[in-house]
J.: 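Please see the structure below; I have some questions.
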Amino acid sequence: MSAEKRRRSSTSVPIKNIERELICPICKELFTHPLILPCQHSVCHKCVRELLMLNHEDSFDAGSECSLPGSPRSRVPSPSMERLDRLVRSGSMSSPGWRRGSVTPRVTAIPCPGCQHDIDLGERGISMLFRNFTLENIVERYRQAARAAVAITCNICKPPQQEATKSCMDCKASFCNECFKLHHPWGTPKAQHEYVGPTTNFRPKVLMCPEHEMEKVNMYCEVCRRPVCHLCKLGGSHANHKVTSMSSAYKILKEKLAKSIHYLISKEDQVRTQITDLEVLINQTEENGQLAERQANEHFEHLFETLQERKSEMLKSIEQSRSRRLDQLKVQVEEYQGMLENSGLVGYAQEVLKETDQSCFVQTAKQLHTRIQKATESLRTFHPASDPCFDEFVLDTSKEETLLKEMCFGGVPDPPLIDLSNSRVYNEASIFWRLSDDHLPTDHHMLEYRRLGGPNKSPSQEDSEDSGGWRTTDKVYGPSTVVSDLDPDSLYSFRVRSCRNSMFSPHSPEVTFHTPPAPAFGFLFSDKCGFSTDRLILNKRRDAVESVASMAFLLAAERVQTGSYIGLDYIIGDTGISQGRHYWAFKVEPYSYMVKVGVASDSKLLEWFHNPRDTSSPRYDHDSGHDSGSEDTCYELSQPFTLLTLGMGKLFIPKTSSSSTLGATSGDPGSRVLPMPQRLGVCLDYDASRVFFYDADTMRCLYERQVDCSGTMYPAFGLMGSAKVQLEDFVTAKRLTF
């Protein structure tokens, strides 16, 4: 055994240990004819079909396990699969709602069970998806390992059948040694058939393009990250995308995967240690959870006891008050009953009036008269002896109920994370964040920010700000907010935290952004001045422009026999600059062949648009990259235009004096070629007649130089070949609103 084989055998993983990777996320069973979604996740073919079809149980036969995708890559499609493809491609898919007699609704989008993104299958439906043959083979090997005791038998032998030793991928059958020799004799075309070890999984030998059914895939699109054929690149949906050969993509991806696997295997001890730590955490979580339950029960039992005591005391007070009031009212009733004739006080007074002895009458009548007067007075000013209302015992428990409702039972929320890919900072900051994965809703968020440093602050001011000058925004009820009035050319730190039931999460990790050196300049692409409708495509919002090859370009190229010619199509902003400092940013797509960006005066624009023949030679442009030297002698430091060249994933610093270039020397051509930033920023200081080019993500100045600002200056762009420029939202927001 060679060293290579020994190494492979030492690092191989038993097939039975990878079952979790072979389970479909929808049906939770082993994959059956898995399809690769555009997001690179795999799903069973039957599961995709069931997601698309609402009445799949009634519309399809029960043999879904044996159905194959209805694309030309599978040469034996089942009747049900052909029916599905007809439905997916039929016009009913493009009509609103249901059509009478239709089996499928107008649904071509499904949610990916792996990443939850919506996958639009388009008009071709399932037929646009590749079948994951690699995963299918691994599943088959797993099944064979699981049923190792059951051998695969020869499909040709008469009973009793012998155990198969080979499987022919062309014949799609398994053979024993004798039958294989009999059916694949030397000197015949069958002798050239491809054979493998015994298997029950026979796949096509060549992967076919789902869009061009008769073409083999031989290239790999780096933008869409999927195999394509040459027709897709020439005139299909991948015409403007960067592609590479299949062999190169195979080599690169295989090397990356091998390195990643080797790294994971080399870290096996570390992984086992972390698994042990996780198991300890699991035990601690179980114990702490049980402790928390006991403590919660104790707290609530104590709370219930306190409430019960207060309830008993209140009910006792109500009972005592009720008895006292009833006694008082009953006494008052008895007194009033004595005022009635022939009863009580009145009857007694009538009997006293019958007394004839004067001395005896006076002795008794004096006290009786006092009682009669009191009774008469009580009739005039009647007042019940007690109030029947028990308002003083009505409890207002709204405050206590609020406190109970605000009791936090969900724990402290996890901190959100600031989304660097979507956040943008100009003189205003648009900060986005992603919420935690605890699946519990939050009430609001609080964004905090502070200034870390800048050119216009004294050291004492910066120290005072750094010492704790966090500023807080108002409550934010969504995943983003805008912070205004930021200082230019300054470093700011941002952090955010969530609130749930009056409990705040920890702060998110701090992220820093550098503000541009000037306020954002708002403009859109102009479709009036020099705009070439033949070769430039401007979107409706006028914030993105794309160059494409046209028939006029091909006809013009027919006259070219020798030499090197460049055809740049220029487009400018619809707003000019005549004073002050202004900054704007944009994105150049990585696949762009060549894009020139910068500024130009109105006088230079007239020359560009009215004398296009001057730009036919690469020697015309000072930063064309042509190193003959003649352009350097004619080049002046102060010109009414400045354009920086980007293309093929690179940024090219013009060959000028070293004083105008940051981080590059004019003597070394390699130092003038930098990786193209994801976002590029341009700052024009009109008053100082100087222009700066920045990496918009880090605000690092890549290049600066003098420019003649004698006229009105416009943002200028030149595109050649396949290229696209997209303006930043902050640049276009005010113009679009206006």
Side-chain angles (χ1 to χ4, degrees), residues 15 22 24 29-36 42-49 60-85 126-127 129-210 212-218 227 229 246 250:
I15 194 69
L22 310 180
C24 174
E29 298 177 357
L30 289 176
F31 281 107
T32 303
H33 306 309
L35 303 179
I36 302 178
S42 295
V43 182
C44 285
H45 163 259
K46 63 183 180 63
C47 295
V48 178
R49 186 182 68 183
F60 289 90
D61 58 270
S64 61
E65 290 287 337
C66 300
S67 62
L68 297 175
S71 70
R73 295 163 290 149
S74 303
R75 300 304 181 187
V76 191
S78 66
S80 62
M81 194 60 248
E82 292 178 342
R83 180 186 180 191
L84 174 62
D85 284 343
I126 296 179
S127 62
L129 300 177
F130 280 107
R131 201 165 139 194
N132 194 340
F133 290 118
T134 302
L135 177 58
E136 200 168 325
N137 282 341
I138 296 174
V139 171
E140 177 60 25
R141 292 202 298 270
Y142 174 84
R143 283 176 172 154
Q144 290 182 9
R147 58 174 183 260
V150 181
I152 298 177
T153 58
C154 178
N155 299 132
I156 308 300
C157 288
K158 296 181 179 179
Q161 294 175 322
Q162 300 294 320
E163 182 177 346
T165 59
K166 299 180 182 66
S167 292
C168 179
M169 302 303 293
D170 295 276
C171 299
K172 294 181 174 55
S174 298
F175 300 86
C176 63
N177 285 331
E178 296 299 326
C179 292
F180 185 82
K181 293 177 182 179
L182 181 64
H183 287 79
H184 298 79
W186 289 103
T188 64
K190 287 189 176 182
Q192 306 299 322
H193 285 188
E194 178 186 359
Y195 64 90
V196 295
T199 182
T200 58
N201 181 37
F202 302 98
R203 69 175 188 180
K205 293 191 296 184
V206 180
L207 199 63
M208 309 299 289
C209 177
H212 307 94
E213 302 180 352
M214 304 306 297
E215 299 295 330
K216 302 176 183 178
V217 294
N218 53 8
C229 69
M246 188 62 69
Y250 170 81

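Only heavy atoms go into these numbers, but all of them, side chains included; no hydrogens, no water, no symmetry mates.
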J.: Indicate the atoms forming the closest heavy-atom contact of Ala191 with Pro185, along with that distance.
T.: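 Taking every non-hydrogen atom into account, CB-O, 3.4 Å.
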J.: State the SG-CE distance between Cys229 and Met246, to the nearest 0.5 angstrom.
T.: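 So the gap between those two atoms works out to 10.0 Å.
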J.: Atom CD in Glu163, atom OG in Ser174: separation rounded to 0.5 Å?
T.: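 It is 11.0 Å, given to the nearest 0.5 Å.
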J.: According to side chain to side chain contact (heavy atoms under 4.5 Å, CB included), who are the partners of Leu182, at least two apart in sequence or on a separate chain?
T.: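 Once residues adjacent in sequence are excluded, Leu182 has no partner under the side chain to side chain contact (heavy atoms under 4.5 Å, CB included) criterion.
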J.: How many angstroms lie between CG in Leu30 and CD in Glu136, if you round to the nearest 0.5 Å?
T.: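 Separation between the atoms: 12.0 Å.
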J.: Just verifying a value: how many Å separate Cys168 SG and Ile156 CD1, rounded to the nearest 0.5 Å?
T.: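 Between Cys168 SG and Ile156 CD1, I get 10.0 Å after rounding to 0.5 Å.
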J.: Do Leu135 and Leu22 have side chains that approach each other closer than 4.5 Å (heavy atoms only, starting at C-beta)?
T.: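 They are in side-chain contact.
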J.: What's the shortest heavy-atom distance between Cys44 and Phe31, and which atoms?
T.: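 It is SG-CA, 3.6 Å.
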J.: Going by side-chain hydrogen bond (donor to acceptor under 3.5 Å, both in side chains), name the pairs with one or both residues in residues 176-187, residues two or more places apart or in two chains.
T.: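 Pairs touching residues 176-187 that pass the test: Thr165-Asn177, Lys166-Asn177.
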